[in-house]
Amino acid sequence: MRTGIFGGSFNPIHNGHIALAKAVLQQCKLDEVWLMVSPQNPLKQQSDLLDDQLRFEMAQKALEGVAGVKASSYEFQLPKPSYTWNTLQHLERDYPDRQFVLLIGGDNWARFERWRHWKDILRHYDVVVYPRDHYAGTVRMPLLDVSSTEIRQRVRTGRRINDMVPESIVALVEKYYQ
């Protein structure tokens, strides 16, 4: 079973994340895509990161009814910070029937050599690069102009986010990111 691993803070999850997961699922002929909610990205500032469990629950709710795409809290049980190599090694051990494919944005691909064990990742796993900001990718899909940062800013300033996140989580996002 080919399973895409799409890691991120998902702070909060938004329509761009979901559209991307669905596109990669189809284009790369994956059986599933797991949105791996990361408790701590070693390359990101964590100052306004919502609680791990709340981000996971919002992702679960946002993905209800999205075939082949699910939220995962797998990294919550692993040592922090969350290094992709470590996560992939644990996943491979716990799910020997699956072939894991790493999904990363073009911006991360541009600095992939900074990742811990990046050469090992390339040797052992397929990597799919999706377009992001001003960076190209290996899958074709339109860039959606939506970001978690912008969503948080809109909520703080009382602006609408209805077109940026699934309707099922609008109220939660507005509640938690005020």
Side-chain angles (χ1 to χ4, degrees), residues 4-25 32-84 86-87 102-112 114-116 128-137 139 141-178:
I5 299 299
F6 178 11
S9 299
F10 304 106
N11 190 38
I13 188 171
H14 56 65
N15 292 335
H17 294 132
I18 298 167
L20 171 67
K22 288 165 56 175
V24 171
L25 182 73
E32 286 186 327
V33 172
W34 294 356
L35 272 66
M36 188 70 57
V37 180
S38 178
Q40 183 181 353
N41 179 330
L43 299 176
K44 278 193 174 180
Q45 178 61 265
Q46 303 296 312
S47 61
D48 60 354
L49 191 63
L50 192 64
D51 175 76
D52 297 346
Q53 192 62 35
L54 291 175
R55 288 181 292 118
F56 171 65
E57 289 170 8
M58 270 195 287
Q60 277 187 307
K61 189 165 185 64
L63 294 171
E64 286 174 358
V66 180
V69 183
K70 71 176 200 171
S72 173
S73 62
Y74 185 84
E75 281 189 339
F76 294 3
Q77 68 180 340
L78 301 178
K80 293 177 179 98
S82 302
Y83 292 105
T84 300
N86 186 39
T87 300
L102 179 62
L103 314 177
I104 65 170
D107 55 337
N108 281 314
W109 180 249
R111 62 180 189 225
F112 195 67
R114 291 178 52 200
W115 288 32
R116 183 172 280 190
V128 172
V129 181
Y130 56 87
R132 180 122 193 251
D133 300 327
H134 303 292
Y135 299 92
V139 292
M141 66 168 294
L143 284 174
L144 298 176
D145 191 22
V146 58
S147 76
S148 296
T149 302
E150 182 182 356
I151 292 167
R152 292 190 306 270
Q153 289 170 345
R154 281 183 175 218
V155 168
R156 286 185 197 117
T157 58
R159 292 183 293 158
R160 293 176 46 85
I161 58 166
N162 299 54
D163 58 336
M164 301 174 87
V165 301
E167 185 178 329
S168 61
I169 65 165
V170 169
L172 291 174
V173 172
E174 290 175 342
K175 173 183 175 182
Y176 293 131
Y177 291 97
Q178 286 184 18

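Counting begins at 1 with the first residue of the sequence. Worth knowing before you read on, the calculation uses all heavy atoms, side chains too, and leaves out hydrogens, waters and symmetry mates.
- With hydrogens and angles disregarded, no donor-acceptor distance shorter than 3.5 Å links the side chain of S9 to the backbone of N11.
- Between L49 and R55 there is a side-chain heavy-atom pair separated by less than 4.5 Å.
- Put simply, the side chain of V24 does not reach to within 4.5 Å of the side chain of F6, judged on heavy atoms.
- Across every non-hydrogen atom of N86 and P79, the tightest pair is ND2-CD, 3.8 Å.
- Here the straight-line distance linking atom CG of L35 with atom OG of S73 works out to 12.5 Å at 0.5 Å rounding.
- The minimum heavy-atom distance between P39 and K80, with the atom names listed, is CB-CE, 3.4 Å.
- W109 meets the ring pair (Phe, Tyr, Trp, His ring centres under 6.0 Å) test with F112; sequence neighbours excluded.
- The CD1 atom of I161 lies 7.5 Å from the CD1 atom of I169; values are rounded to the nearest 0.5 Å.
- When all heavy atoms of G106 and Y135 are compared, the closest pair comes out as C-CB, 3.3 Å.
- Between S148 and H14 the shortest heavy-atom distance is OG-CD2, 3.4 Å.
- In this view, E32 and R98 satisfy the salt bridge (charged side-chain N to carboxylate O under 4.0 Å, His left out) rule, not counting sequence neighbours.
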Legend entry - Trace of the side chain to side chain contact (heavy atoms under 4.5 Å, CB included) decision for V37 with D52: CA-CA 8 Å; V37 180; D52 297 346; 5.9 Å; no

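- Separation of atoms OG1 (T87) and CD (Q77) is listed at 9.5 Å; rounding is to 0.5 Å.
- For the side chain to side chain contact (heavy atoms under 4.5 Å, CB included) test, no residue two or more places apart in sequence or in another chain qualifies with K175.
- Of all the heavy atoms in W34 and S72, the pair that sits closest is CB-CB, 4.4 Å.
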Anything under 3.5 Å between a donor and an acceptor, one on a side chain of residues 58-67, the other on a protein residue two or more places apart or in another chain? List them.
none

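- Not counting sequence neighbours, Y177 has no partner by the ring pair (Phe, Tyr, Trp, His ring centres under 6.0 Å) test.
- The stretch residues 146-157 participates, sequence neighbours left out, in these salt bridge (Lys or Arg N to Asp or Glu O under 4.0 Å) pairs: D48-R152, D48-R156, E150-R154.
- I104 has its side chain within reach of W115: a pair of non-hydrogen atoms, C-beta onward, lies under 4.5 Å apart.
- Among all heavy-atom pairs drawn from Q53 and D51, the shortest one is N-OD2, 3.1 Å.
- Between L20 atom CG and N15 atom CG the span is 12.5 Å, to the nearest 0.5 Å.
- Here F10 contributes atom CZ and I18 contributes atom CD1; the two are 9.5 Å apart, rounded to the nearest 0.5 Å.
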Inset, instruction - Give the intermediate values and the outcome of side chain to side chain contact (heavy atoms under 4.5 Å, CB included) for residues F76 and F56. - result: CA-CA 10 Å; F76 294 3; F56 171 65; 3.9 Å; yes

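- Distance CE/M36 to NZ/K70: 8.5 Å, rounded to 0.5 Å.
- Between V155 and Q178 the shortest side-chain heavy-atom distance falls below 4.5 Å.
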